[in-house]
Amino acid sequence: MKKRIMVLEDDQDIREIIGLLLDEENYEVKLYPDIRSFRKDLLFAAPSLMILDVRLPDGNGHDLCREVKNDQRTLGIPVLMMSAHSSITEVNKKCIPDDFIAKPFNIDDFAARVNAVVN
């Protein structure tokens, strides 16, 4: 059975690229453009990893990361944060993700980091 990854990214082009990349890495991928749609599926999706953008149209990934890490139902699910506007230092002040990727990112590095966190 494929491992499932939930991706929360508001930029459609980046979301599609990540979806294609993770599909090639043999993951089941669920893509979301906003926090509302992501939350709707979260407890039912049983992901192996959550990839969260920081800046989103209906909130921010920091708050969502904190929620996930503090909820007994989801605290064991790894979180990878992404941002073009924040550094790992800034992200770590608000939430402690399992990894951080700065945008723009190298595709091979992205895949390696995802594989390291999931496996």
Side-chain angles (χ1 to χ4, degrees):
M1 186 160 91
K2 291 183 178 182
K3 292 184 178 182
R4 179 176 297 143
I5 298 178
M6 293 178 71
V7 179
L8 176 55
E9 168 60 59
D10 62 321
D11 183 294
Q12 183 176 348
D13 293 334
I14 295 172
R15 193 170 57 246
E16 288 176 8
I17 289 168
I18 290 172
L20 292 170
L21 173 65
L22 294 175
D23 188 57
E24 285 182 16
E25 292 291 316
N26 205 32
Y27 292 109
E28 179 184 336
V29 185
K30 305 269 289 173
L31 304 171
Y32 303 89
D34 54 48
I35 291 174
R36 182 187 52 75
S37 62
F38 183 88
R39 276 193 178 122
K40 193 172 98 175
D41 281 359
L42 179 58
L43 295 178
F44 304 104
S48 299
L49 172 66
M50 290 180 255
I51 299 175
L52 309 176
D53 189 13
V54 170
R55 289 190 181 177
L56 298 158
D58 58 346
N60 71 66
H62 296 129
D63 293 340
L64 184 58
C65 176
R66 241 187 343 271
E67 287 175 33
V68 166
K69 293 295 188 178
N70 290 318
D71 188 322
Q72 289 289 6
R73 298 168 294 182
T74 56
L75 64 83
I77 302 169
V79 174
L80 189 154
M81 298 288 296
M82 299 185 305
S83 181
H85 308 285
S86 297
S87 68
I88 183 64
T89 305
E90 293 171 293
V91 169
N92 280 339
K93 289 178 186 174
K94 298 173 182 172
C95 168
I96 306 295
D98 295 271
D99 202 353
F100 173 82
I101 294 179
K103 293 191 254 178
F105 52 82
N106 173 285
I107 291 174
D108 293 329
D109 180 58
F110 183 90
R113 286 169 173 260
V114 167
N115 290 328
V117 173
V118 173
N119 299 313

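We number each residue from 1, following the sequence as shown. This one's a predicted model, so the numbers in the text were calculated from it and none came from an experiment.
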- Given side chains that start at C-beta, do those of Asp98 and Leu80 come closer than 4.5 Å, heavy atoms only? no
- Donor-acceptor contact below 3.5 Å, side chain Glu25 vs main chain Tyr27: no
- Do Asp34 and Leu56 touch side chain to side chain, with heavy atoms closer than 4.5 Å? no
- Message: Quick check: is Leu8 connected to Ile17 through a chain of hydrophobic side chains (ILVMFWY, heavy atoms under 4.5 Å apart)?
- Response: no
- Side-chain touch Val79/Lys69, heavy atoms, less than 4.5 angstrom: yes
- List the steps, then state whether side chain to side chain contact (heavy atoms under 4.5 Å, CB included) holds for Asp53 with Ile14. CA-CA 10 Å; Asp53 189 13; Ile14 295 172; over 6 Å; no
- Ile101 and Ile96: same hydrophobic cluster, using ILVMFWY side-chain contacts below 4.5 Å? no
- Has Ile88 got more than 12 heavy atoms of other residues, nucleotides or ligands less than 6.0 Å from its CD1? yes
- Task: Please step through side chain to side chain contact (heavy atoms under 4.5 Å, CB included) for the pair Asp63 and Asn60, ending with a clear verdict.
- Result: CA-CA 6 Å; Asp63 293 340; Asn60 71 66; 3.3 Å; yes
- Query: Any side-chain heavy atom of Lys3 within less than 4.5 Å of one from Leu49?
  - Reply: no
- Atom pair OG (Ser48) and CZ (Arg4), whose distance is rounded to the nearest 0.5 Å: 8.0 Å
- Query: With a 4.5 Å heavy-atom cut-off, do Lys30 and Val7 have their side chains touching?
  - Reply: no
- About how many Å separate CZ of Phe38 and CG of Leu64, when rounded to the nearest 0.5 Å? 5.5 Å
- Message: I'd like to know whether Leu20 forms a side chain to side chain contact (heavy atoms under 4.5 Å, CB included) with Val29, so could you lay out the CA-CA distance, the side-chain angles of the two residues, the decisive distance to 0.1 Å, and finally the verdict.
- Response: CA-CA 9 Å; Leu20 292 170; Val29 185; over 6 Å; no
- Sub-4.5 Å side-chain heavy-atom contact between Ile51 and Phe110: yes
- Query: Mind checking whether Phe105 and Val118 sit in one hydrophobic cluster, side chains of I, L, V, M, F, W, Y counted as touching below 4.5 Å?
  - Reply: yes
- Task: Identify the heavy atoms of Ser83 and Val54 that sit nearest to each other, and give their distance.
- Result: CB-CG2, 3.6 Å
- Task: Could you pull out the closest heavy-atom pair between Met6 and Pro47, with the gap in Å?
- Result: SD-CG, 3.5 Å
- Query: Are Leu21 and Met81 connected, step by step, through hydrophobic side chains (Ile, Leu, Val, Met, Phe, Trp, Tyr) whose heavy atoms are closer than 4.5 Å?
  - Reply: no
- Task: May I ask you to check whether over 12 heavy atoms, not counting those of Lys40, lie within 6.0 Å of atom NZ?
- Result: no
- Query: Arg66 side chain to Lys94 main-chain N or O, any donor-acceptor pair under 3.5 Å?
  - Reply: yes
- Item | Heavy atoms from other residues, nucleotides or ligands near CZ of Arg36 exceed 12 (cutoff 6.0 Å) | no
- Nearest 0.5 Å please: distance from the CG atom of Leu22 over to the CD1 atom of Ile5. 4.5 Å
- Query: Out of curiosity, Arg113 CZ to Phe100 CZ, how far, rounded to the nearest 0.5 Å?
  - Reply: 9.0 Å
- Salt bridge flag under 4.0 Å for residues Arg15 and Glu9: no
- Message: Rounded at 0.5 Å granularity, tell me how far CD in Gln72 sits from OG1 in Thr74.
- Response: 9.0 Å
- Leu42 vs Val68 side-chain heavy atoms within contact, under 4.5 Å: yes
- Message: With rounding to the nearest 0.5 angstrom, report the CG to OG distance, Asp58 to Ser37.
- Response: 7.5 Å
- Query: Closest heavy-atom contact between His85 and Glu90?
  - Reply: O-OE1, 3.9 Å
- Query: Which heavy-atom pair separates Val91 from Ser86 by the least distance, and what is that distance?
  - Reply: CG2-CB, 4.0 Å
- Message: Restricting to non-hydrogen atoms, name the atom on Lys2 and the atom on Asp23 that form the minimum distance, rounded to 0.1 Å.
- Response: NZ-OD1, 4.4 Å
- Query: Looking only at heavy atoms, what is the nearest atom pair of Leu52 and Gly61, with distance?
  - Reply: CD1-O, 4.1 Å
- Query: Quick one: are Met50 and Pro78 in side-chain contact, heavy atoms under 4.5 Å?
  - Reply: no
